Amino acid sequence: MSDLHQPILEWYDEHARELPWRGPQASPWSVMVSEFMLQQTPVGRVLPVHEEWLRRWPTPADLAAEPTGEAVRAWGRLGYPRRALRLHAAATAIVEQHDGAVPSSYDELKALPGIGDYTAAAIASFAYGRRHVVLDTNVRRVLARTIQGVELPSTAVTKAEREVATEVLPEDDATAATWAVAVMELGALVCTAANPRCGACPVAGLCAWRAAGRPAYDGPPRKVQTWAGTDRQCRGRLLAVLRDSDGPVHRSALDAAWSEEGQRIRCLASLIEDALVVHAGADTYALP
DNA sequence: TAGACGTGGAA
DNA sequence: TTTCCAAGTCT
């Protein structure tokens, strides 16, 4: 048993946030919806949307029965709206292939649209108490610091990194599942990327990075996301017009949302290609 | 495997 | 004001 286990498990027991997708009352579907929404989106912005989704669509079948456009609209401003499409597609697959119940195995989950390694492990672990290596950015950062002694993990998950995560995973399913969420929570609340609160950390005394004097990140430059003027910004503007409209909108409304014509046309075409937008009629567009 | 893919809050 | 980035996935 790793020396990290007990302090982190005890810390989690005392400091864990109460979130609607946690605890015994949360359904696997609630967990699944939260995991989709939390992919690259902060908890605070997910909270109200998740509540609305679970109220409106308490089961996968409820969502699957809706047009995909309703999922896109209800996604609101969470960002990366293709996640709404994939969640809808996953719900449809669950109805057709799993009798409407969120599957419990990693392999079955991984086969669903929008579910990669992290999300499959997270749902299996958090919703069903299975033992899995749950390797998200928080866990990677905590292990990079406490064990490897570096400020931040590499860009991509390495084999060695996964081996370390496997080695520190508790043996039994229940403890492994709690461990997974506990390490994530520690990374989210204490061992944060920018200003870690080592004074509040239960394993500060065991941390290799702290012992080394908290050396600054010394790896390849991390890519900076440009934003202004990008296709992503343009697509976001166009989709927002449709999302905020009850029905189809005329082309002129989209023209007003983005002045650069070539880019606007290209982005509208890509939104249609992605099935986030449909050509509703002569010069009118709508959510699918 | 590097790049595309939204959004808004914090420093 | 600008930069960074938050529970990733897909191609």
Side-chain angles (χ1 to χ4, degrees), chain A residues 12 16-17 19-22 26 30-50 72 75-87 89-90 109-127 132-143 151-158 165 177 180-189 191-196 217 220-244 257-258 263 266-267 270-271 273-277:
Chain A
Y12 181 74
R17 290 168 292 182
L19 300 172
W21 48 85
R22 281 187 187 159
S30 176
V31 173
M32 178 169 160
V33 171
S34 80
E35 290 303 336
F36 270 76
M37 292 180 172
L38 288 165
Q39 292 169 359
Q40 302 286 281
T41 302
V43 168
R45 284 171 46 209
V46 164
L47 243 16
V49 184
H50 178 271
V72 174
W75 197 252
R77 306 186 70 80
L78 288 182
Y80 292 149
R82 289 190 292 193
R83 291 181 293 167
L85 243 31
R86 291 173 183 151
L87 182 48
L109 288 162
K110 181 78 156 51
L112 296 171
I115 297 187
D117 170 70
Y118 161 75
T119 303
I123 296 172
S125 182
F126 303 158
H132 285 285
V133 172
V134 180
L135 213 47
D136 81 319
T137 187
N138 289 304
V139 175
R140 295 186 65 211
R141 189 172 54 249
V142 171
L143 297 182
E151 182 183 21
L152 299 169
S154 56
T155 305
V157 177
T158 64
V181 72
V183 180
M184 280 181 61
E185 191 77 337
L186 186 66
L189 298 182
C191 194
T192 52
N195 297 102
Y217 174 73
R222 311 169 79 79
K223 57 177 180 286
V224 291
Q225 287 189 353
T226 54
W227 174 245
T230 61
D231 282 5
R232 281 197 291 175
Q233 185 185 30
C234 179
R235 285 165 54 104
R237 291 270 183 82
L238 297 178
L239 197 59
V241 172
L242 295 171
R243 212 169 41 219
D244 297 340
W258 195 264
Q263 186 177 30
R266 178 175 74 246
C267 287
S270 77
L271 286 168
E273 171 68 23
D274 289 346
L276 283 164
V277 174

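Keep in mind it's a predicted model, so treat the numbers as computed, not measured. A note on names: the letters A, B, ... follow the listed sequences, proteins ahead of strands, and every chain is numbered from 1.
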Check your understanding: What's the shortest heavy-atom distance between A:Val134 and A:Val139, and which atoms?
Key -> O-CG2, 3.4 Å
Review point. Using a cut-off of 4.0 Å on non-hydrogen atoms, how would the nucleic acid contact of A:Leu239 be classed: base, sugar-phosphate, or nothing?
Key: nothing
Review point. Does A:Asn195 or A:Leu271 map to a spot on DNA chain B nearer the 5' end, using the closest nucleotide for each?
Key: A:Leu271
Practice item. Using a heavy-atom cut-off of under 4.0 Å over every strand shown, decide if A:Trp75 touches base, sugar-phosphate, or nothing. Key: nothing
Review point. Within the structure shown, what part of the strands sits under 4.0 Å from A:Ala194 by heavy-atom distance: base, sugar-phosphate, or nothing?
Key: nothing
Review point. Mapping A:Arg86 and A:Arg17 to their closest nucleotides on DNA chain C, which lands nearer the 5' end?
Key: A:Arg17
Exercise for review: Work out which heavy atom in A:Gln39 is nearest to a heavy atom in A:Thr119; give both atom names and the distance.
Suggested key: NE2-OG1, 2.9 Å
Practice item. Round to a whole Å and report the spacing from CZ of A:Phe126 to C1' of C:dG8. Key: 14 Å
Practice item. Could you check whether A:Arg140 gets within reach of a base, just the sugar-phosphate, or nothing at all, counting any heavy atom under 4.0 Å? Key: nothing
Practice item. With the side chain of A:Trp227 defined as its heavy atoms from C-beta on, choose the nearest nucleotide among B:dC5, C:dA6, B:dG6. Key: B:dG6
Check your understanding: Counting only N and O atoms by type, is there a donor-acceptor contact under 3.5 Å from the side chain of A:Arg140 to the main-chain atoms of A:Ala156?
Key -> yes
Exercise for review: Name the nucleic acid region contacted by A:Asp274, choosing base, sugar-phosphate or nothing; use a 4.0 angstrom heavy-atom cut-off, strictly under.
Suggested key: nothing
Practice item. Please state how far atom CZ in A:Arg82 lies from atom C1' in C:dG8, giving the value in whole angstrom units. Key: 12 Å
**Study point:** Whole-Å P distance, B:dA11 and C:dA7
**Key:** 15 Å
Practice item. Identify the heavy atoms of A:Val49 and A:Trp75 that sit nearest to each other, and give their distance. Key: CG1-O, 4.2 Å
Check your understanding: Are side-chain heavy atoms of A:Phe36 and A:Thr41 found at a separation under 4.5 Å?
Key -> no
**Study point:** Whole-Å distance separating the CG atom of A:Leu78 from the P atom of C:dG8
**Key:** 14 Å
Check your understanding: By a strict heavy-atom criterion of less than 4.0 Å, which residues belonging to residues 35-47 of chain A are in contact with DNA chain B?
Key -> A:Gln40, A:Thr41, A:Arg45
Study note, to complete from the structure: Shortest non-hydrogen pair, A:Ala26 vs A:Pro20, comes out as CB-O, 3.6 Å
Exercise for review: Using the P atom on both, measure B:dG6 against C:dT11 and round to a whole Å.
Suggested key: 14 Å
Practice item. Please work out if A:Leu19 contacts a base, only the sugar-phosphate, or nothing of the nucleic acid, heavy-atom cut-off 4.0 Å. Key: base
Review point. What heavy-atom pair brings A:Ala194 and A:Pro196 nearest, and what distance separates the two atoms?
Key: O-CD, 3.4 Å
Practice item. Using a cut-off of strictly less than 4.0 Å, decide whether A:Arg235 has a side-chain nitrogen or oxygen near OP1 or OP2 of B:dG6. Key: yes
Check your understanding: Is the backbone N or O of A:Val31 less than 3.5 Å from a side-chain atom of A:Glu35, with the two atoms forming a donor-acceptor pair by type?
Key -> no
Check your understanding: Side chain of A:Asp136: nearest nucleotide among C:dA7, B:dT7, B:dC5?
Key -> C:dA7
Revision key, fill the gap. From CG of A:Leu87 across to C1' of B:dG6 the rounded distance in Å is 17 Å
Point to revise | A:Thr119 side chain, from C-beta outward: closest of C:dG8, B:dT7, B:dC5 | key: C:dG8
Check your understanding: Is A:Gly116 touching bases, backbone alone, or none of the nucleic acid, heavy atoms closer than 4.0 Å?
Key -> sugar-phosphate
Exercise for review: Using heavy atoms to find the nearest nucleotide of DNA chain B for A:Ala156 and A:Arg83 separately, return the residue whose nucleotide is more 5′.
Suggested key: A:Ala156
